[in-house]
Amino acid sequence: MNEQTAIAQEISWADFEKVLIVAGTVTRVEAFAQARKPALKVWADFGPYGERKTSAQIAALYTPETLVGRQIVGVINFPEKQIGPFRSQFLLTGFHTDEGVVVTAIERPVPNGTRLA
C-alpha cells in the first residue's frame, strides 16, 4: 500500500493542535552535496519562532534562486534530526509527484510565524 492508497488513521482535534504548522520566508538556500539523494539546505525566517534550517529533497524542481524570498509552510515542533553533517530543525511541507516534490505554496503573503488555521 502506498501513500496515495493508505487509509488515514483518524486523529482528534487536540492531536492536530499539537502540530505547529507555520508560514516562513526562505532566507537562504544551498546545495547539499553530502546528501545521499539530491537535496537542498533551506533556511527560513519564522518570525517569532526565529530562523530555522532544514534539508529537503526538492532539488529536482527547485534551485536556490527560485526559493529565496518565497513563503513556505513548515512544521517547526518536530525534534531536530541529524542528516549527515547537518541538523534539520523543521519539516518543509510539500507534495510528492512523479517529477519531484512540489513545495506547499501560500496563496498570498502572511506574516512569518502565522499558524495554519
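All values derive from a computational prediction rather than experimental measurement.
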Where Leu61 and Val101 come nearest, the two heavy atoms and their spacing: CD1-O, 3.4 Å
What do you reckon, are the aromatic ring centroids of Phe32 and Phe86 less than 6.0 Å apart? yes
Just wondering, do Leu40 and Leu67 contact through their side chains at under 4.5 Å, heavy atoms? yes
Shortest non-hydrogen contact from Ala44 toward Thr27: N-OG1, 4.0 Å
If you compare all heavy atoms of Ala56 against all heavy atoms of Leu92, which two are closest, and at what distance to 0.1 Å? CB-CD2, 3.8 Å
Looking at Phe90 versus Tyr49, is the centre-to-centre ring distance below 6.0 Å? no
What distance do Gln57 atom CD and Lys37 atom NZ have between them, rounded to the nearest 0.5 Å? 5.5 Å
Using every non-hydrogen atom in the two residues, find where Val19 and Arg115 come nearest and quote the distance to one decimal. O-NH2, 3.1 Å
Listing request: all ring pair (Phe, Tyr, Trp, His ring centres under 6.0 Å) pairs with a residue in residues 7-29, at least two apart in sequence or in separate chains. Trp13-Phe16
Can you hop from Val29 to Val102 via hydrophobic side chains spaced under 4.5 Å? yes
Rounded to the nearest 0.5 Å, how far apart are CD of Glu30 and NZ of Lys41? 5.5 Å
In Å, rounded to the nearest 0.5 Å, how long is the span from CZ of Phe46 to CD1 of Ile76? 6.5 Å
For Ile83 and Ser55, work out which heavy atoms get closest and say how close. CD1-CB, 3.8 Å
Would you call Ile58 and Val103 a side-chain contact if the rule is heavy atoms closer than 4.5 Å? yes
Measure the spacing between CD1 of Ile106 and CD1 of Ile72 and express it to the nearest 0.5 Å. 7.0 Å
Closest approach of Pro109 and Gln71, non-hydrogen atoms and distance? CA-OE1, 3.3 Å
For the pair Glu51 and Lys53, find out whether any cationic side-chain nitrogen is under 4.0 Å from an anionic carboxylate oxygen. no
Between Asp45 and Thr25, does any side-chain donor sit less than 3.5 Å from a side-chain acceptor? no
According to a 4.5 Å side-chain heavy-atom criterion applied to Ile, Leu, Val, Met, Phe, Trp and Tyr, with indirect links allowed, do Ile11 and Val75 form part of one hydrophobic cluster? yes
How long is the straight-line distance from CG of Leu116 back to CD1 of Ile21, given to the nearest 0.5 Å? 5.0 Å
Could you tell me whether the side chain of Val26 reaches within less than 4.5 Å of the side chain of Trp43, counting heavy atoms only? no
Do the side-chain N and O atoms of Gln89 and Thr54 include a donor-acceptor pair separated by under 3.5 angstrom? no
